Protein chains: 2
Amino acid sequence: MLGRTQVDVKVDFYSGKIKFMKSTPYHHGALRDALLAAAETVLRRDGLPGMTLRAAAREAGVSHAAPTHHFGDLTGLLTALAADGFRRFGEALRAAVTAPDARRWDGARAYIAFAVANPALFQLMFRTDRLDDANESLRAARLHALQHIAAARHMPATDLSVAQLGEVLGGWALVHGYTLLLLDGRLAGLPRLAPEGTTADALLDAMFAAADAGRAGPRRHD
Amino acid sequence: MLGRTQVDVKVDFYSGKIKFMKSTPYHHGALRDALLAAAETVLRRDGLPGMTLRAAAREAGVSHAAPTHHFGDLTGLLTALAADGFRRFGEALRAAVTAPDARRWDGARAYIAFAVANPALFQLMFRTDRLDDANESLRAARLHALQHIAAARHMPATDLSVAQLGEVLGGWALVHGYTLLLLDGRLAGLPRLAPEGTTADALLDAMFAAADAGRAGPRRHD
DNA sequence: GCGACATCTTTACAGTGGAAAGATATGCTG
DNA sequence: CAGCATATCTTTCCACTGTAAAGATGTCGC
């Protein structure tokens, strides 16, 4: 498609005049949202390498320069995409952490589940070199989402001791590292090293159990 | 520079003949290694986005199509770069883990130190979408390097129990996650949350201490 | 010598991000 | 309701990229 402006010829019933109507209006109306949706479609289908400005524009059915007005450049579009991702990510974490029967690692499982459900988006969210780190929308969405990590350990967002911060940091790093190794396919060979029939999920449980080693017996991996 | 073949005019002292000598030979002789070195220079200077086939060729002073013969395509060059990175990475891990006075987390510190010293290279090494995962050289170098992770926990490379595998996986995920969060600048704001004067290194120690919580007292963080 | 081969350059092409200018619709002001 | 400023979108253009293909140049075995 070379452009989305297609001309249809119509005849006005009453006046009899021939009218040249455009089947798609020159002004889209909600192009910003449409472009974000299109970009995410492309991201999901072709991965981050395939997510180009022009591919997103094609998917949305507009000219390749249309995104410029709304997002400035490619970095701007990716940043908006990442910010939206962090909003949904934060919501998923919040739901998991604040559930009444939430167990110790449920936030972590939600963290991993979001990444598995949106692999390319998740990787983009943590790929600083492709994002505008100064963007306020991104910063706010990210901060809001990541605060649930401390909340998952029942810790305040400020005034933590060094030991507390070490524990929160450790939990985050553990889950984040597992997630990225998983997305990079680096864990695919692990079950082969384990006893016959060990599933990836069982390994994740074992990892959490190892992290919990030494905690009070009854609360262990509750 | 349009090419690296420059012609110098020289006079042969004995024969008196005029000779057209090229100051740079048509055949480089060791272009493969030179290209790898040039590529790493570019990678270090301009990051992964700036590491293009043509940039590496420019840096090495050859035509932009010269790398094709040695590496096939861009993925091939990046794969060779990553394989070389894994070899050096493995050597660094081996040295840290096998040192006679090696402490429990010294392998982890070497892991982080390598990434900090070679940030773009390290990120490339774990960016599967840019590499040829089927490449034997890469697979061998990576396998060899990562085996030191199990060694750091004094565990065999095969026949592990699920619990052992969970501990190894946990250690790897913890350190890998910390490393990537650090490289992505995601930890820059953490010291501000901690008590006045807390350094990033103290936080890392706290993270290791939290991971060691519950281990036998005297051996704790030895 | 001399021909097969490896190595490197030149040329060409489709794709990309981005700048600039033009086209078209919308909304505001009188 | 007319007309104009502005927002939105398209067209055109340029420099850069990866890659393919063909040509140039050197090396080596026979």
Side-chain angles (χ1 to χ4, degrees), chain A residues 1-8 19-36 38-39 42-43 46-81 129-132, chain B residues 1-8 19-36 38-39 42-43 46-81 129-132:
Chain A
M1 194 195 307
L2 290 179
R4 55 186 272 288
T5 303
Q6 300 164 356
V7 175
D8 288 338
K19 296 165 87 174
F20 296 91
M21 302 192 61
K22 292 176 178 167
S23 57
T24 55
Y26 192 95
H27 279 45
H28 187 287
L31 183 54
R32 203 193 126 92
D33 289 347
L35 276 172
L36 274 180
V42 174
L43 190 61
D46 305 325
L48 189 51
M51 219 316 274
T52 68
L53 258 185
R54 288 164 116 101
R58 267 195 301 272
E59 183 73 24
V62 294
S63 80
H64 74 264
T68 300
H69 185 79
H70 295 279
F71 301 102
D73 56 3
L74 177 58
T75 298
L77 174 55
L78 293 178
T79 299
L81 215 47
D129 56 335
R130 303 293 303 268
L131 304 178
D132 173 19
Chain B
M1 195 193 306
L2 289 179
R4 55 185 270 291
T5 303
Q6 299 162 0
V7 175
D8 287 338
K19 296 165 87 174
F20 296 91
M21 301 193 61
K22 293 178 177 167
S23 57
T24 55
Y26 192 95
H27 281 42
H28 187 286
L31 184 54
R32 203 194 126 93
D33 289 347
L35 276 172
L36 274 179
V42 174
L43 190 61
D46 304 326
L48 188 51
M51 218 316 275
T52 68
L53 258 186
R54 289 165 115 102
R58 268 194 302 272
E59 182 73 24
V62 294
S63 81
H64 72 266
T68 299
H69 188 257
H70 295 279
F71 301 101
D73 57 3
L74 176 58
T75 298
L77 174 55
L78 293 179
T79 299
L81 215 47
D129 56 336
R130 304 294 303 270
L131 304 178
D132 172 19

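Note on naming: letters A, B, ... go to the chains in the order of the sequence lines (proteins, then strands), and numbering restarts at 1 for each one. Values reported hereafter were calculated over all heavy atoms of this structure, with side chains retained and with hydrogens, waters and symmetry mates removed. Since this is a predicted model, take the numbers as computed values, not measurements.
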Asks: Hey, does the side chain of A:T75 reach the backbone of A:D132 with a donor-acceptor pair shorter than 3.5 angstrom?
Replies: no
Asks: Can you measure from CG (B:L74) to CG (B:L53) and round to the nearest 0.5 angstrom?
Replies: 4.5 Å
Asks: For a quick test of reading the model: is some side-chain N or O of A:H64 closer than 4.0 Å to OP1 or OP2 of C:dG18?
Replies: no
Asks: For B:L31 and C:dC8, give me the distance from atom CG to atom C1', rounded to whole Å.
Replies: 8 Å
Asks: Nearest whole angstrom, please: distance from the P of C:dG15 to the CG of B:D73.
Replies: 18 Å
Asks: Could you tell me whether the phosphate oxygens of D:dC9, OP1 or OP2, come under 4.0 Å of any side-chain nitrogen or oxygen in A:H69?
Replies: no
Asks: Can you tell me the distance, in whole Å, between the CZ atom of B:F71 and the P atom of D:dA20?
Replies: 16 Å
Asks: Does D:dT17 have OP1 or OP2 sitting under 4.0 Å from an N or O in the side chain of A:R54?
Replies: no
Asks: Starting from C1' on D:dC16, measure out to CG on B:L74 and report it in whole angstrom.
Replies: 14 Å
Asks: Rounding to an integer number of Å, can you tell me how far B:L53 CG sits from C:dT9 P?
Replies: 14 Å
Asks: Expressed in angstrom and rounded to an integer, what is the separation of B:R130 atom CZ from D:dT17 atom P?
Replies: 13 Å
Asks: Is there a side-chain contact between A:V62 and A:L35 (heavy atoms, below 4.5 Å)?
Replies: yes
Asks: Closer than 4.0 Å, any side-chain N/O of A:R32 to the OP1 or OP2 of D:dA7?
Replies: no
Asks: Please report the interatomic distance OG1(A:T52) to CZ(A:R58), rounded to the nearest 0.5 Å.
Replies: 5.5 Å
Asks: Does some side-chain heavy atom of B:L43 sit less than 4.5 Å from a side-chain heavy atom of B:L48?
Replies: yes
Asks: Check whether any side-chain nitrogen or oxygen of B:H70 sits under 4.0 Å from OP1 or OP2 of C:dA6, and answer yes or no.
Replies: no
Asks: Measure from CE on A:M51 to P on C:dT16 and round the result to the nearest Å.
Replies: 12 Å
Asks: Take the protein atom CZ of A:R58 and the nucleotide atom P of C:dG15, then report the distance between them rounded to whole Å.
Replies: 8 Å
Asks: Is B:T52 close enough to D:dT17 that one of its side-chain N or O atoms is under 4.0 Å from OP1 or OP2 there?
Replies: yes
